[in-house]
Amino acid sequence: SGSMYERSRKRPFFVLLFALGVFAGAFLLFQVQPLFGRFLTPWFGGTPEVWTACMLFFQLLLLAGYAYAHALGRLPARLQALVHLLLLLAAAVLAFRIIPPAHLKPTPETNPIIQILWICLVCIGLPYFLLSSTGPLLQSWICRIEPGFIPYRLYALSNIGSLLALISYPFVFEPVFSRQQQAHLWSFLFLLYAISCVVCALILFLNAPSSQTSSPKNNDTPSLSFSNCLLWLSLPAVASTLLLAVTEKITQDIAVVPFLWILPLSIYLLSFIICFDSPRWYKRPLFLTLFILSILGIIIARIIEEKRPNITLIIGLYSFLLLCCCMVCHGELYALRPHPRYLTAYYLLIAAGGAIGGIFVSILAPLLFKTYVELHLAVLLAVILVVLTDRRYIQGRRRKIAYITALTVVGLAGIFLVGRRTTQNQRAIDHARNFFGVLTVWEDDWDNPLLHKRLLQHGTTFHGLQFQHPNKRHLPTAYYGFNSGIGLLIRSNPQHPPRRIGVIGLGVGTIAYYGRKGDVIRFYEINPAVEQLARKYFTYLSDSQADIQIVLGDGRLSLERESPQNFDILVLDAFSSDAVPVHLLTSQAMEIYLKHLKPDGVLAFHLSSVHLDLIQVVRKLAEHFQLHCLWLETYPDEQFGALSSDWLVLSPSKEPLENPLLQSAASPLPKIPASIDLWTDDHIRLLQILKPSPRR
């Protein structure tokens, strides 16, 4: 009775210590993900796909951590404690060296995904590996010390830690601390986490029998079934696939809004929290009904997309689909939870399913498909799994096979049509997909010769258009028309042939129109598919009289490696959406641009952004480097294919900006708020420049 009294007094204390370790591990796990992404995005063009590649690494390391926890659980308890203590010691040392060194910067011929995975492995591999193992390992340890303890609520707690880290990073840590400070703070917190795990290991060492190699067997413990193991793997795989697919959809095809990627990941984590907290939250009939309604909602969203889109409604419908699907997948997953004896195997298969989803979306889908069809595939697989897990049809095998066959045929037929839509005035004629996303070539108004045109689009961003009528084919269009900022700038400076013009961002090559004999126009383009489509479907590059040069690779990194180019004009045209490559707008980047500019040369920034006030950022840079600047606005003109655009032109010399053509078109420069910071590679604050509402 004394022993039982001691145990009852220890239990709340032990559970609290282990819960703290689980929470801290999950929090640090999701804090280092965006932090490390901040270090890598400047090296890989600042594209959203860098985050997807980082997510793949984190999912693979999560799987490795869960495998380690499963394998370690087969050893005697005291040996487990000793092994983990040694690894914690090594990881605590490496945790203070997580900042990627400069020699790991990629080269143009490097495969981006392989290079990102390698950098992540070298810099944060072991610390992240141990953080990944924390949840299942500490849960298995507390089950050894307290045999009657039900550990699954600790899994919900770990997801709460992950969610808090995810939400706090962009709104608390990133605005307040520089990258270097964040890295140092994370390293210090990792040290505190390691100490908490050391305490847990010592508790295990002192309280678990040394001869115990696994959880005690009980004749009443059910054995594992192959079907359950398959569902433990497939349910999280479908949820993970849908998470990444919905993220791609709403952040690239619907609205490129800063921080929008947080929404789907928060929904995904929230479903884990709800389902694993208690069995009373997941009501199968209710969520199956909501899941069916959410699929109908996506059909409505597709119809809305075809007409005049309501962005908020469409994002809401896709988010509702993700929530319902994840609740069904994770609710069924929790309903199939095993005896604690199989705890680590259960979590291992969950992590494996998540990794399968990540590999499919990040690596396989770009190789297999030209458009984003993985979202529709994930929904189809989720519906099939619902049929498989429906206990009412366990005996009706023929009926179940008929259902699955019908669903598969109908689903695949719908998927086949994705990306091939044709409206009354627009049709897709080609797609290209790679690491940088999906590019689509559209054909508009083919029944009207004077308006017939082709457009290149990446997500919601237009990269340019060209009329197909012989009398209008030569016209510079989109953001580069005669009266656009760049059009006025080049036309105002005809007295310097041969001119050297550098352009970061190729698009369809419209700026090549302005090239004259003897000129050199040097384009820097990170996505090789853009050049291929620009040459195949548009003629600006081939029609130009200038010497056209195209350098593949990130513009900033390419310029950093080159000797001074002595540009008369350097155009920065990588900001026409809100997926802003912020590494191109820092003081360090500006130093590189000025190195390649003539003393009387001009920098031209295209800053047409819906949600971000980038003009203030560039004006702060101009102020810091004592540059003269003009703001040139352009308004739409359907007859000439012109789109609205904002151009800020800067120069070390006042003379090139005093041209009457530029002065007559210039708009008054807005005042720079005192709160606007100078952006550096180490410190960027997107929250400062969010516009209160989108401009129409």
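Computed from heavy atoms alone, side chains included, the values below leave out hydrogens, waters and symmetry copies. Because the structure is a prediction, the values reported are computed rather than measured.
Judged by distance alone, with hydrogens and angles left aside, the side-chain atoms of Ser240 form no donor-acceptor pair with the main-chain N or O of Ala237 at under 3.5 Å. In terms of modelled atom types and a separation under 3.5 Å, the side chain of Ser362 and the main chain of Ile359 share no donor-acceptor contact. At distances below 3.5 Å, not a single donor-acceptor pair connects side-chain atoms of Glu332 with backbone N or O atoms of Arg284.
Note on ring orientation: taking the six-membered ring where Trp is involved, the planes of Phe190 and Tyr193 are tilted (angle from 30° to 60°). By the 30° and 60° cut-offs, the orientation of the rings of Trp232 relative to Tyr346 is perpendicular.
Contacts of Tyr152 classified as side-chain hydrogen bond (donor to acceptor under 3.5 Å, both in side chains), with partners at least two apart in sequence or in another chain: none. Residues forming a salt bridge (Lys or Arg N to Asp or Glu O under 4.0 Å) with Arg433 (at least two apart in sequence, or on another chain): Glu248, Glu374.
Note: Phe272 and Tyr268 meet the aromatic proximity criterion, with ring centroids under 6.0 Å apart. Checked against the 6.0 Å centroid threshold, Tyr282 and Tyr334 do not count as a close aromatic pair. Proximity of the aromatic rings of His70 and Tyr347 is defined here by a centroid distance below 6.0 angstrom, and this criterion is not met.
For the residue pair Leu244 and Gln59, the shortest heavy atom distance occurs at CD1-OE1, 4.2 Å. Heavy atoms only, all atoms of each residue included: Ser187 and Ala95 are closest at OG-O, 2.5 Å. Leu28 and Trp186 make their closest contact through O-NE1, 3.0 Å (heavy atoms, listed as atom of the first residue, atom of the second, distance). The two residues Pro170 and Glu174 make their nearest non-hydrogen contact at CA-OE1, 4.0 Å. Counting all heavy atoms, side chain and backbone alike, Ala91 lies closest to Pro127 at O-CG, 3.8 Å.
None of Arg38, Gln31, Gln182 except one satisfies the side chain to side chain donor-acceptor pair (under 3.5 Å) rule with Tyr169; the exception is Gln182.
Taking CG of Leu322 as the start and SG of Cys329 as the end, the distance is 10.0 Å to the nearest 0.5 Å.
Heavy-atom contacts from other residues, nucleotides or ligands closer than 6.0 Å to CZ of Arg179 number more than 12.
Contact check for Ile124 versus Phe58: side-chain heavy atoms found under the 4.5 Å cut-off.
Checked for salt-bridge contact, Arg556 and Asp681 meet the test: a charged N lies under 4.0 Å from a carboxylate O.
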